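The block underneath contains the structure these notes are about, expressed in structure tokens.
For reference, positions follow the sequence shown, starting with 1. Values below: all heavy atoms of this structure, side chains included; hydrogens, waters and symmetry mates excluded. Note that this is a predicted model, so its numbers are computed, not measured.
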Amino acid sequence: MTREQLFEQILKKKSYLCVGLDTDPKKLPQHLLDTKDPVFEFNRQIIEATADLCVAYKPNIAFYEAQGPKGWVSLEKTLQCIPEEIFTIADAKRGDIGNTSELYARAFFETMHFDSVTVAPYMGADSVKPFLVQGGKWVILLALTSNTGSQDFQMLKLSDGNEEYLFEQVLRESASWATAGQMMYVVGATQAEYVQRVRNLVPDHFLLVPGVGAQGGSLEEISRLGMNQQCGLLVNSSRAIIYASSGTDFAEKAREAALQVQQEMEQYLEQYVQHLS
């Protein structure tokens, strides 16, 4: 999927919502546990209920890896039922020496056919570039994450006296590795006060923004500070949508939660993105 195609979907749906499929078998509605593949059945119903309201789905790979082989089967079946026009993100946070990264890229792009994968940048360019050789695929690089531990390293000041944070150096350096049509950045919604600094360094790139919803990030604030003229945002919500109910109405309640987010996003698109068509 190209940057232009993603923006077309945002305009069509008036949404930049990414639904996180962090599907925990321990949190599934009781009535699904007797089905052949409860995780897939849960995902299938969530997708059917929300596909017209979102532009991306983001399975967190750890939730599937933890189940062993059956988890990978559930993930593959889930990907097959996501409509083709919806952007898919393998939230895997990979990053290793070059030949290992090549195999990770092959796994997510060629075997599972994801559109993108999240990658950790701290081993440097040669650990990231193998993910960038696949035409039409995206790297989503961890830049400024929403967890409290992000303060440990990402917010360290560099020692050269220029008052730049380590995450800013990561942005500055990595922006030369790929175009804004190949690379996005993870920027947590709970770090909204730093979004302007991010935008100064990567004005044209899409930002994948977790932390809205259950983690308390502000959709209004991140939209006001983070949008560019192609929207430039994919805002993820996982638990607040997929676990809106634990009963037989879980899909219906997920849709209601997603619709509420989409309607708020429509307002911000009209407010902050000029020349909507």
Residues, nucleotides or ligands: over 12 heavy atoms within 6.0 Å of [X] [atom1]:
X	atom1	result
Glu193	CD	yes
Lys77	NZ	yes
Lys157	NZ	yes
Arg106	CZ	no

Going by the angle between their ring planes, with limits at 30° and 60°, are His31 and Phe250 parallel, tilted or perpendicular? tilted
Below 30° counts as parallel, above 60° as perpendicular, anything between as tilted: where do the rings of Tyr104 and Phe131 land? parallel
For a quick check under 3.5 Å, do [X] and [Y] share a side-chain donor-acceptor pair by atom type?
X	Y	result
Gln67	Ser74	no
Asp115	Thr88	yes
Gln45	Glu41	yes
Gln134	Glu110	yes

Arg255 and Asp52 ion-paired at < 4.0 Å: yes
Glu8 with Lys12: basic N within carboxylate O range, under 4.0 Å: no
I'd like to check [X] versus [Y] (side-chain heavy atoms, cut-off strictly below 4.5 Å). Are they in contact?
X	Y	result
Leu144	Tyr185	no
Ser116	Met184	no
Pro59	Phe114	yes
Ile89	Phe108	no
Leu75	Glu65	no
Leu17	Val19	yes
Leu234	Lys58	no
Gln262	Lys13	no

Hey, quick one: are [X] and [Y] part of the same hydrophobic cluster, counting side-chain heavy atoms closer than 4.5 Å, chains of contacts allowed?
X	Y	answer
Leu6	Leu53	no
Val73	Met112	no
Phe42	Leu33	yes
Leu103	Val117	no
Leu142	Ile97	no

Main-chain N/O of [Y] paired with [X] side-chain donor or acceptor, under 3.5 Å:
X	Y	answer
Tyr64	Glu76	no
Thr78	Phe40	no
Gln5	Thr2	yes
Gln263	Gln260	no
Glu168	Tyr165	yes
Thr118	Ala92	yes

Kindly state whether the ring of Tyr268 and the ring of Tyr16 have centres lying under 6.0 angstrom apart. no
Which heavy atom of [X] sits nearest to which heavy atom of [Y], and what is that distance?
X	Y	value
Asn228	Gly232	OD1-N, 3.2 Å
Glu84	Met1	O-CE, 4.4 Å
Pro121	Val170	CG-CG1, 3.8 Å
Phe7	Cys231	CE1-N, 3.9 Å
Ala143	Tyr122	O-OH, 4.4 Å
Leu28	Pro38	CD1-CB, 3.6 Å

Looking at [atom1] of [X] and [atom2] of [Y], how far apart are the two atoms once the value is rounded to the nearest 0.5 Å?
X	Y	atom1	atom2	result
Ile82	His113	CD1	NE2	13.0 Å
Arg172	Glu164	CZ	CD	4.0 Å
Ser150	Leu166	OG	CG	11.5 Å
Lys27	Phe63	NZ	CZ	7.0 Å
Leu219	Met265	CG	CE	5.0 Å

Partners passing salt bridge (Lys or Arg N to Asp or Glu O under 4.0 Å) against [X] (at least two apart in sequence or in another chain):
X	value
Glu48	Arg44
Lys93	Asp91
Glu256	Lys253

